[in-house]
There are 2 protein chains.
Amino acid sequence: MKLFELIDRLGLLLRSSDRRSAARHGLQPIHLQALRFLAQANRYSDTPVAVTEYLGLTKGTASQTLLLLRKKGLLSASPDADDGRKTHLQLTAAGRRVHKDTSPPAPLLAAAKGLGSTAELERDLEGLLRELQRDNDGRSFGICHTCRHFQTQGAGYQCGLTGEPLRRVEIDLLCREHEEPVSGS
Amino acid sequence: MKLFELIDRLGLLLRSSDRRSAARHGLQPIHLQALRFLAQANRYSDTPVAVTEYLGLTKGTASQTLLLLRKKGLLSASPDADDGRKTHLQLTAAGRRVHKDTSPPAPLLAAAKGLGSTAELERDLEGLLRELQRDNDGRSFGICHTCRHFQTQGAGYQCGLTGEPLRRVEIDLLCREHEEPVSGS
DNA sequence: TTCTATCGTATCGACTCGATACTATCATTC
DNA sequence: GAATGATAGTATCGAGTCGATACGATAGAA
């Protein structure tokens with residue numbers, strides 16, 4: 001199972017690279033992961049539960065991590081207008097600075113340069129990812145406009161699941177409710 | 001930088017999968033990583049320093065992790081015959097059982113099945129890996145017989161760096177001193 | 001209204017992790 | 001041989017992750 005060893009080792013290297021860049025900001029690797037996700041999450045996915053699912057933690061652990069990020073001033077929180085249980089999280093200016101400084105890690109960027117085209121590599125990894133997350137928790141966290149529920153509405157867009165209209169900038173973000181289109185469309 | 005996001009997410013899923021299977025044995029993900037490495041490490045690499053470098057930790061942290069694995073009876077340690085500073089680590093029968101049960105993680109195995117040939121994927125990942133570890137700490141931890149110092153000696157093998165003869169089973173193991181062959185050979 | 005599911009926080013104990021300090025052994029140099 | 005420096009490993013400390021458990025608050029359904 002050579003493929004596993006390669007991915008495993010790659011993950012190890014990226015993690016230790018993350019550890020170093022996180023340390024520059026007084027953070028842990030998991031904090032960078034959380035910031036990366038929230039920087040790309042749409043309005044249905046910028047909440048503690050979504051972070052919990054994405055990072056594969058329990059909600060208690062995720063809550064602690066997010067609390068620390070808020071305390072450090074990298075995240076701000078605002079209550080949902082309609083649902084009193086929900087909290088929406090946004091990167092502050094400081095949070096965006098940290099995110100920009102650490103994503104993607106410079107070493108990987110350099111490494112990819114020496115590889116030429118990455119198109120088929122990306123296709124293969126995508127396939128692997130889809131299979132894995134089917135097993136994991138069922139959530140794919142895909143990009144909004146590639147979703148089964150994504151609809152065009154005249155000149156605009158809307159989500160078929162919630163019925164809400166979507167702004168242009170939202171359709172490229174990650175969504176917790178994302179589902180692969182039914183095959184054969 | 002789509003490639004980064006894919007690898008990042010893949011690493012996250014594997015890690016959380018590791019976390020679950022580690023928990024079944026009362027362990028943390030890092031313990032599985034250590035066992036995986038030691039199960040493949042040759043006689044120059046089955047020591048705490050090698051684990052330290054491979055996992056990208058500090059030696060203090062690695063020492064603690066290994067101590068716990070010894071306390072749990074998954075690793076045994078024996079002093080080096082020639083160098084009083086060195087300690088060699090071996091998986092015990094219990095350690096091998098845990099390793100077999102958790103490597104590779106079942107979900108990945110299943111995911112790879114639906115992918116067909118993984119040859120070019122592996123080639124690409126290997127290239128990426130080589131670049132990354134050049135940046136990281138310089139050590140590639142490659143397989144003995146692919147090393148610049150690997151030599152055949154009559155019917156046997158030997159390491160050109162230490163001058164020691166190598167047994168057949170050793171030449172497929174990972175080595176801390178591994179160096180890519182000089183190009184053009 | 002009651003029941004249940006969901007969202008989020010608080011607390012506890014085991015463990016990771018880096019930093020620092022320390023011991024012991026080997027290698028080099030004088 | 002003795003001093004010096006490099007290498008291998010351990011011990012301890014504080015901050016933080018992490019799962020488990022418990023809890024409170026809101027929402028939705030029966």
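Nothing here was measured: the structure is a model prediction, and the numbers come from that model. Side chains are part of it too, since the values below use all heavy atoms of this structure and drop only hydrogens, waters and symmetry mates. Letters go in sequence order (proteins before strands), and every chain restarts at 1.
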With a non-hydrogen cut-off below 4.0 angstrom, is [X] in contact with a base, only sugar-phosphate, or nothing?
X	value
B/Arg15	nothing
B/Thr87	sugar-phosphate
B/Arg24	nothing
B/Asp82	sugar-phosphate

Atom-to-atom span, NZ of B/Lys59 to C1' of D/dT12 - whole angstrom: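 Between C1' of D/dT12 and NZ of B/Lys59: 15 Å.
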Gap between atoms CG and C1', on A/Leu57 and D/dT17 respectively (whole Å):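 Nearest whole value for this atom pair: 9 Å.
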Distance (rounded to the nearest 0.5 Å) between B/Cys159 SG and B/Glu164 CD: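 Here the rounded value is 7.5 Å.
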Derivation and outcome, side chain to side chain contact (heavy atoms under 4.5 Å, CB included), residues B/Ile143 and B/Ile171: CA-CA 7 Å; B/Ile143 296 173; B/Ile171 69 175; over 6 Å; no
Contacts of type salt bridge (Lys or Arg N to Asp or Glu O under 4.0 Å), residue A/Arg19, not counting sequence neighbours: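 If we apply the salt bridge (Lys or Arg N to Asp or Glu O under 4.0 Å) test to A/Arg19, skipping adjacent residues, there are no hits.
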Exceeds 12 heavy-atom contacts within 6.0 angstrom, atom CZ of B/Arg24: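 Yes, CZ of B/Arg24 has more than 12 neighbouring heavy atoms, counting only those of other groups under 6.0 Å.
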Within residues 63-73 of chain B or reaching into it, pairs that qualify as side-chain hydrogen bond (donor to acceptor under 3.5 Å, both in side chains) - sequence neighbours excluded: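 Listed by first then second residue: nothing to list.
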Residue list, side chain to side chain donor-acceptor pair (under 3.5 Å) with A/His145, at least two apart or on another chain: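 Per chain and number, A/His145 pairs via side chain to side chain donor-acceptor pair (under 3.5 Å) with A/Asp172.
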Per A/Arg19 side chain, nearest of listed nucleotides C/dT9, C/dG18, C/dT25: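 So the side chain of A/Arg19 is nearest to C/dG18.
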B/Arg176, nearest nucleotide to its side chain (from D/dA27, C/dG18, D/dA8):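 Of the candidates, D/dA8 comes closest.
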Could you run down the sub-3.5 Å N/O contacts of the protein with nucleotides 1-5 of chain C?
none

Side-chain heavy atoms of B/Leu27 within contact of B/Leu74, under 4.5 Å: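 Heavy-atom side-chain distance check passes, below 4.5 Å.
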When you compare the protein's N or O atoms with those of nucleotides 13-16 of chain D, which come within less than 3.5 Å of each other, and at what distance?
none

Strand contacts (DNA chain D) in residues 35-52 of chain A, 4.0 angstrom heavy-atom criterion: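 DNA chain D contact set from residues 35-52 of chain A: none.
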